[in-house]
Amino acid sequence: MAEPAHSDEPLLQTPLHAEHVALSARMVPFAGYDMPVQYPTGILTEHNWTREHAGLFDVSHMGQAFLVAEDKSHETVARALEVLVPADVLNLKPNQQRYSQLLADDGGILDDLMVTRVGAPGHEGWLYLVVNASMKDADYAHIQARLPQGVSLNPKDSLGLMALQGPSAEAVLAKLAPEAAALPFMMSADVQIDGTWCHVSRSGYTGEDGFEISCHAADAAKLWNTLLVDPEVKAIGLGARDSLRLEAGLCLYGHDIDSTTSPIEAGLIWSIQKRRREEGGFPGAERIQREIRDGAARVRVGIKPEGRAPAREGTIITTPDGREVGIVTSGGFGPTVNGPVAMGYVAKDVSTAGTDLHLIVRGKPLPAKVAAMPFAPHRYKR
Amino acid sequence: MTTRYTKDHEYVRIEGDAGIVGISDYAQGQLGDVVFVELPSVGKTLSKGDEAAVVESVKAASEVYAPVSGEVVEVNSDLEASPGTVNEDPAGRGWFMKIRLTDQGELDGLMTEEQYQEFVKSIS
């Protein structure tokens, strides 16, 4: 068997690093951080626990930053960000969160991110951004270089971030912060948990109901352990995070979306609100509006291999008669599906659910079908 | 009963003129939950070091290399339905294939149980 590659680069640690080590996690390098890929029970158990109970994930490696308008006007800060992303930021209500993408001038995706209009009193004209760990330096430089006078970006390395995901997440949080447990999907609140300030949003990356909880780095370990005391909660590593999000049909930056894919090709049109589709005014608007009108030449689809063999990222996709029509961008084993699942880009003419395809795995064509996503139903609290 | 190991964590347990091939307990632990195993066809001739099988965990696919040269005379088709057996009992029910050895001398280049345990200690 082949040995995993080792890197000699010094790795960063999240504020929860010691907690992972104490839980005997298997640590691996991820986006420059030493991160838990799994705890001793393993990925399958962690995945299923999250779907059936509640999983606690350390996502402190992600980039948290505030975009702040000096004049304390939401319109000022919203317009500054709308130059860079296709979401309607202007019409966000206080504490409302939206998923969006930083776009390049050709409409390619530089990163995907969460944008929240901060609702805490005294923070008018503030947006809270969460970006991918691997992209945060590039994102910050990109944003900073494009801000108007009077708007500034403040990265907050002093914050930790964890996600509590699964059907028991609400009941667990209700015992600690009832007002946070009452939030609807994609809304947030500032609360105290056990005397610790937290910013809680009802969102996540598993397809399950759940929360993402930001707090001061110095308080992160205390909060983590407070949540883990509940018998419904177990620590979950990056391995299960990946299988959960794949079954939920959610994109992983650098794999399913990148600077060569547009939001329309990626099936993210739902994240571009009507006003922005019509008005444009974001990078690549001409291409994106054209793709909305005429359709994209290739699109991201779910793919269900018919046998048991997983098709991994990079697998070539052909028609049954051998015409190459695309490539797998994420693929593996879906524990909830109890079989292999994948997503990838295919030509528009073979993108309808049910279309027969072949996946070329180790030189052999394996039958597969285009499948509707998500593979495991979303259970968000709308 | 003689068992020999490779540095790639395959074992071969000699039974007469054939060897039962699988992956070590250390290897299954490193892989994590095994969800798929691809086995060679019976009758296939392998040279030592050839890719003999593929074992897939939730996260990744890994090759299993032939620890010895010879003909595949039997495969553990139970692994198709129950790949997790590789995690539960790697040295027993989680075996991969049986190879009829063409060169018993190849065993001399492999590690004994004791040498392999030392090797695992040195890398973990």
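Just so it is clear: chains get the letters A, B, ... in the order the sequence lines come, proteins before strands, and each one is counted from 1.
For CD of B/E88, the number of neighbouring non-hydrogen atoms (other residues, nucleotides, ligands) closer than 6.0 Å is greater than 12.
Checking A/L238, A/V37, A/V28 one by one against B/K59, the side-chain contact (heavy atoms from CB on, under 4.5 Å) holds for a single residue, A/V37. Between B/V58 and the choices A/L246, A/D242, A/L44, the side-chain contact (heavy atoms from CB on, under 4.5 Å) rule is met once, by A/L44.
Contact detail for A/Q38 and B/G32: the closest heavy-atom pair is OE1-CA, 4.4 Å. Contact detail for A/R362 and B/F36: the closest heavy-atom pair is NH2-CE2, 3.7 Å. Considering every non-hydrogen atom in both B/V35 and A/F333, the closest pair reads CG1-CD2, 3.4 Å.
With a 4.5 angstrom heavy-atom cutoff, B/S57 touches chain A only via backbone atoms. Of the atoms belonging to B/V37, not a single heavy atom falls under 4.5 Å from chain A. When heavy atoms are compared at a cutoff of 4.5 Å, B/E38 approaches chain A solely by way of its side chain, counted from C-beta outward. Heavy atoms of A/R312 lying under 4.5 Å from chain B belong exclusively to its side chain.
Note: A/E46 CD to B/D33 CG = 9.0 Å, rounded to the nearest 0.5 Å.
Per-residue heavy-atom pair counts under 4.5 Å with chain A were compared for B/A60, B/A61, B/G29, and the maximum is reached by B/A60. Looking only at heavy-atom pairs under 4.5 Å with chain B, the residue among A/G339, A/S243, A/A309 that has the most is A/A309.
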